[in-house]
Each structure stands twice: as structure tokens, then as C-alpha cells.
2 protein chains.
Amino acid sequence: MGRPRNFNRDEALQAAINVFWKKGYDGASMKDLTSAMGINSPSLYAVFGDKHQLYLEAIDRYSNDDGCAPLVAFESESDIEKAVIAFMRSTIDYASNHESGSKGCFLGNCVSTSVGEVEGTTERLQDAITGADERLAARFEKEKEQGNLPADFPSLERARLMFDLRQGQVLRARAELDQDTTEAGLAFRVKMILAI
Amino acid sequence: MGRPRNFNRDEALQAAINVFWKKGYDGASMKDLTSAMGINSPSLYAVFGDKHQLYLEAIDRYSNDDGCAPLVAFESESDIEKAVIAFMRSTIDYASNHESGSKGCFLGNCVSTSVGEVEGTTERLQDAITGADERLAARFEKEKEQGNLPADFPSLERARLMFDLRQGQVLRARAELDQDTTEAGLAFRVKMILAI
DNA sequence: ATCGTTTTGTAATGGATGATACAAAATAAA
DNA sequence: TTTATTTTGTATCATCCATTACAAAACGAT
């Protein structure tokens, strides 16, 4: 059943992500999707099932790529303070200067709308949130073991703090508000996240 | 031009808000809207213009009602520390237990999707964000004048901090994640907002 | 080169969408 | 009550949507 082989599935999926990211699930028409992906609708159906399955796959892919880029930045930096800074900067950078031109966060600004309306989105958004919380907390725990953070450091609480701050930043980015304003208070935020 | 007089315009608009809030702009069909508003489409067009104008009016109305409820809670409480707590609790409460059943924040979780796609939404979201920043900061400034906060207290920076934290909370609420988890770290967040 | 198969493009399907024309009903005026 | 006007409900419009049938083209095997 006509699956095309002469095209890059990953690139097509990335193109679909960018369309959904910009227009939302309902706002993205099949025409928007197919023209951005460079395929005709029959191919889309053969490869991805239907619009709904494509959407879920786009969410999964984004969760494992762009969406967790700040997490990777956080985990890659060896010094914990620099790691927190890297997380914040990476968040702002991806939310404001993504190569696709889409602003904000696909999960935070688009998938959130379809929660409860499009099947499969609620669990995925929940997993993305709690997963981020846990990955951030895990790093803090490791720092505690190494003695770089006090033994009573509330890792999960501060992880959630970081994540929540992130959401404000991506909303500002989505609204195309100047990211320099968020840059201003960054030092204090870092200090607070690591305080006591 | 048949404008109906035998119905409550405000109630109809509130019903429209709840539909848009739950389903987003594109996801809300005229049928969804008219049946929730208790009117037929000709009446909707006579009273509100069209779907697009109704959406913009819904945004404006929400911005001046539900959306700023936490701001009112913040401004109403006389003690500044209790005021910050009131802001946070009000945010969580409205985002999780709104009478309409809609979760999260209409602006943060729905309008954000249509930014750049639906005309008139970008300015409105920007105004809502910067307006909230300024109202929060204004209260801090007043406290400084009264000597309840140090003279070098960075009002706007902390206002933005509060607002950004709020966005994380409404996203968790939209995803129907347990709000008790956010309640846990509340004391520290309040301390951090008012620190130094 | 020919045939069978796979990939691509066109075109059409039924259904739903946003928007209105129009008639029925209700109201107000005389 | 009769008439003019306004409000409501029905029914329809063209259009766009997601989806798929089908034909054309490209490919691979023999």
C-alpha cells in the first residue's frame, strides 16, 4: 500500500511539527501539512495513518527533541549553577529563535489547547511535565550525593520551580515579547533555585 | 437587522468564552458556540458580528474578569505577604476549579495558540502579559513607599517572576495534574518573591 | 524490452463548516 | 383587531475539510 520511499520521513515529520506548532491541531489543515511536508495526502495517510496519528507522533518527536533541549543543556553542563543558567538560556533561545520560525513551546502553547479534546494528548502532556520535573530533580540529587548541594536540598520542589518559570518564558516568547526583559532577572532566579 | 433582546448578552458571551477556552478558536464550531450560548447563528451574527469578532470580545471580557481575578486577589489583601499567597492560591483555584469546567487559563493555554494566526490576538496577549506585570509591580511600589519593602526592591523583576510562576501552575492545571504538588513549594516561592 | 509492482499525482467523495436568506412567530403601535 | 416591525427558527448556500478511489508514472526483475 503505497508507502513512498523516496523522501525523508524524519524531515516530513519535522515539517509537520512546525505546522502544528504554528497553527495548532485544528488550525492545521491537511493542505497546510502536505504542502509543508512535500508529499500528497495519500502518501501522508500511507506513512502516518491519519492527521490524528501524525499529531501524536509529532508530539512524541518534539518531546524527545526540541522540547527537551533545555534539559540536555542542563544535564550537559558540569557546574550546577552554570547548568541552571544553561537551562534558562536554552529555553529562551529555543522559544524565540527556533529555526522553523515557530515561537514558544509546541507543548506549552499548542498541545495544551487540545488537552481533553484530542485523544492521547492529555497523557502526553502530563508525561512531558512530570518527566521534565524528574529529570531536573535527578540532576539535583546527583549534586547532593557529590556534596555540591546540601543534604536537605528539596530537589523536586526546585525542579518544579525551574519548570514553572520556563512556562512564563515560553509564553512571553510566543507573544513575541522582548526576551531581554526576562534576561534581566536571570541571575536572581538562578540564585533562588539553588538557595539553601 | 434582527438583534434579539430577550436574552442576556453577558451570559451568552460567558458561554462563548467557555467554549473557546475548552476547544480553542479553530476547534470551536459555530454549532458548539450557538448551542452553548442558547441562540441561533443568525442571532450570533446580528449581536457579535462573526466568529472572529466574538473571539476577540471573549478575550477582552476574560482579560477583565476571570483572567485578572488573581490580580484582584493580590490587590485586595492588605498584607503584602498574604497578598502574594492570595495571588498564587487564586491562580491555582481558578485554573483547577473554574465553574465552567474549563481548566488552566484561557489566555495562557488557548489564545497563545492563535497568536500570529488569528488577527488581533497578538496585541491582546501582549497587553494581558505586560498589563499583569505592571499591576503587580505597582502594588510592590506602593509597599515600598509605605516602607514595607526595601527601597531597592526590584518591583518589576519580581512581578515578572510571579507571573512566570503562574504560567507553570496553569499549565499543570490544564494537564489536570494534582495541584497539591504545587501547593507544597508555595511557602518558598512566596519567600523568594519578597526576598531582600 | 516487457511485465508486475510500487510509488506518485489527480480528482472526487461525503460530511461539516461559517455565513445567510427567508419565513414564522412574537411583539408593539394604531 | 389590524398593521407594521422586530425577533426567532428553519433551511440553505458555497466552501472547505479529511479521507480515499483511481489513474499515471516510475521502478525493478526477468
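So that the names make sense, note that chain A is the first sequence line, chain B the second, and so on, each numbered from 1.
Summarising the geometry, the separation between CG on B:N40 and P on C:dT20 is reported as 16 Å, rounded to the nearest angstrom. For A:D50 and D:dT20, the CG to P distance is 8 Å, given to the nearest whole Å. We find that CG of A:L54 is positioned 10 Å from P of D:dT19, with the value rounded to whole Å. Put simply, NZ on B:K51 is 8 Å from P on C:dA19, counting in whole angstrom units. When rounded to the nearest whole Å, the span between CE of B:M30 and P of D:dA14 equals 19 Å. Going from atom CG of A:D26 over to atom P of C:dA16 covers 15 Å, rounded to whole Å. Spacing between atom OH of B:Y55 and atom P of C:dG18 amounts to 14 Å, rounded to whole angstrom units. Atom pair B:D32:CG and C:dA16:P shows a separation of 13 Å (rounding to whole Å applied).
Between A:F140 and A:F74, a ring centre-to-centre spacing shorter than 6.0 Å is recorded.
Of the side-chain N and O atoms in B:Y45, one or more sit less than 4.0 angstrom from OP1 or OP2 of C:dA19.
Residues of residues 114-121 of chain B having a heavy atom closer than 4.0 Å to DNA chain D: none are found.
Taking the six-membered ring where tryptophan is involved, the planes of B:F106 and B:W21 are tilted, since the angle between them lies from 30° to 60°.
With the nearest nucleotide of DNA chain D identified for both A:G49 and B:G38, B:G38 has the one nearer the 5' end.
Under the 3.5 Å distance criterion, the side-chain polar atoms of A:K51 are matched with a main-chain donor or acceptor of A:Y25.
We find that A:K23 and B:D26 are not joined by a salt bridge, their nearest charged nitrogen and carboxylate oxygen being 4.0 Å or further apart. The pair B:R61-B:D66 does not meet the salt-bridge criterion, since no charged nitrogen lies less than 4.0 angstrom from a carboxylate oxygen.
Within 4.0 Å (heavy atoms only), A:S29 reaches sugar-phosphate atoms of the nucleic acid but no base atom.
Of the options B:K82, B:R139, B:R135, a salt bridge (charged side-chain N to carboxylate O under 4.0 Å, His left out) to B:E75 is made by B:R135 and by none of the others.
Taking only distance into account, the side chain of B:S41 meets the base of C:dT20 through a donor-acceptor pair shorter than 3.5 Å.
In this structure, A:R158 forms a cation-pi arrangement with B:F188, its terminal cationic atom sitting closer than 6.0 Å to the ring centre and no more than 45° off the ring axis.
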